[in-house]
Number of protein chains: 2
Amino acid sequence: MQQKKDAPLRSDAQRNRERILEVALAELTHSADAPLSAIAKKAGVGQGTFYRHFPNRESLVLEVYRYEVQQVADTAAQLLETRAADRALREWMDRLAQYAMAKAGLADAMRKATSARGTLAGLGHGAVTSAVTLLLEANEQAGTIRPGVSPDDFMLAIAGLWQIDPHGDWQQRAGRLLDLVMDGLRAGAPGA
Amino acid sequence: MQQKKDAPLRSDAQRNRERILEVALAELTHSADAPLSAIAKKAGVGQGTFYRHFPNRESLVLEVYRYEVQQVADTAAQLLETRAADRALREWMDRLAQYAMAKAGLADAMRKATSARGTLAGLGHGAVTSAVTLLLEANEQAGTIRPGVSPDDFMLAIAGLWQIDPHGDWQQRAGRLLDLVMDGLRAGAPGA
DNA sequence: ACCTGAACACCGTTCAAGT
DNA sequence: ACCTGAACACCGTTCAAGT
């Protein structure tokens with residue numbers, strides 16, 4: 001039987017769900033292919049309960065990753081209020097890079113579990129797309145980037161971030177990539 | 001017991017190895033997580049034989065992908081002989097895109113089986129790096145791109161190619177990405 | 001030196017029985 | 001309505017026996 005649409009979960013089910021997500025974040029960050037059975041056990045629920053909440057690995061990983069990424073997305077608006085559009089864009093990219101490095105293990109889990117190509121792409125139209133749209137529009141209006149760049153274009157351009165090794169000097173590599181992307185975006189801008 | 005270093009394989013072993021690779025290419029292209037046991041069976045070898053040649057999934061996928069990618073890499077030199085440096089670079093990127101789309105299933109297998117971040121990165125320093133080095137140096141000398149771009153920079157910049165869906169209008173998406181990258185590379189070029 | 005295939009271990013998924 | 005945990009299926013890996 002399916003869950004009635006939008007019916008609130010029973011309180012014990014609600015708690016189970018949250019405990020699973022909590023444990024999953026920790027476990028998947030540590031090792032991208034942590035067994036689901038181990039997550040269930042650490043969360044203190046039976047196998048069946050686990051599968052009631054998350055019918056497959058993909059749905060679990062997606063949920064965890066979505067929540068984590070949302071947090072970076074939300075900072076975009078704030079940056080735009082305190083800085084010039086192009087500075088805000090670049091700084092947001094830096095934060096995204098920092099985040100991608102911190103959650104590298106989770107991103108690996110994403111890649112392996114999802115059939116989606118790319119970690120951000122898997123989230124579909126969500127908080128990240130909104131944030132990027134906001135930033136690009138502000139820059140286009142300020143004349144700091146060339147017109148007609150779509151959020152999709154942008155996400156493809158920075159895709160390299162997720163294949164930088166979080167150990168070693170990722171700061172250098174990420175910085176050089178983002179500089180290159182910014183130069184690409186600036187090419188053909190009205191205010192140049 | 002390990003294989004003696006560089007000792008040639010016995011002829012039947014040689015044939016088995018080739019048949020495995022052949023079947024693996026077809027099978028992995030069709031479905032990224034085709035069972036190794038199915039590959040072994042289709043190749044007509046026992047489980048043990050399979051594992052003698054490829055001790056884990058990663059080593060198999062790596063070998064298949066390496067060989068496939070090599071073919072595109074090899075066209076770089078040829079392009080440089082018949083075209084201006086920047087035209088050659090751009091055209092090579094187009095071919096790489098075409099290739100990435102044709103072998104999308106295999107690339108998925110790469111991502112899932114390898115711990116390496118990114119499909120090209122997993123190959124390490126090989127034919128691709130050589131090709132890119134060649135192209136970048138030619139362009140730097142021609143003054144068509146800014147100096148100091150490393151092969152690593154370049155590969156990160158085009159990483160988005162592998163997360164384009166091979167169905168639908170990938171031509172558009174790839175084209176826009178590569179245009180953006182080219183603009184980024186041109187920024188700060190002496191001959192501008 | 002290389003091959004085979006049965007045996008083993010592990011993990012995802014299902015389901016009968018419970019509250 | 002939700003939970004449990006044993007049972008099942010599948011796949012990667014090993015290994016004793018063979019040529």
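Each chain gets a letter, A, B and so on, in the order its sequence line appears, and its residues count up from 1.
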Exercise. Expressed in angstrom and rounded to an integer, what is the separation of A:Asn56 atom CG from C:dC11 atom C1'?
Worked result: 15 Å
Exercise. In whole angstroms, how far is the P atom of D:dC2 from the CD1 atom of A:Ile20?
Worked result: 13 Å
Exercise. Going by modelled atom types, is there a donor-acceptor pair between the base of D:dT14 and the side chain of B:Gln47 at under 3.5 Å?
Worked result: no
Exercise. What is the distance from CG of B:Leu9 to C1' of C:dC3, rounded to the nearest Å?
Worked result: 14 Å
For this session: Give the rounded distance in Å between these two atoms: NE2 of B:His53 and P of C:dT4.
Result: 9 Å
Problem set entry | Any A:Asn16 side-chain N or O less than 4.0 Å from OP1/OP2 of D:dC3 | yes
Problem set entry | Nucleotide nearest B:Asp12 (side chain, heavy atoms from C-beta), chosen from D:dT13, C:dC3, C:dT13 | C:dC3
Exercise. Considering every strand shown, what is the Watson-Crick or G-U wobble mate of C:dT14 when both distances are under 3.5 Å?
Worked result: D:dA6
For this session: Look at the side-chain N and O atoms of B:Arg52 and state whether any lies under 4.0 Å from the OP1 or OP2 oxygen of C:dC2.
Result: yes
Problem set entry | Along DNA chain D (nearest heavy atom to each residue), the more 5'-positioned of B:Gly48 and B:Tyr51 | B:Tyr51
Seminar exercise, completed: Between CZ of A:Arg19 and C1' of D:dC2 the distance, given in whole Å, is 14 Å
Problem set entry | Nearest-angstrom distance from the residue atom NZ of A:Lys41 to P of D:dA6 | 10 Å
Problem set entry | Atom-to-atom span, CD of B:Gln14 to P of C:dA1 - whole angstrom | 17 Å
Exercise. So what does B:Thr49 touch, heavy atoms closer than 4.0 Å: a base, only the sugar-phosphate, or nothing?
Worked result: base
Exercise. Rounded to the Å, how far apart are A:Arg10 CZ and C:dT19 P?
Worked result: 14 Å
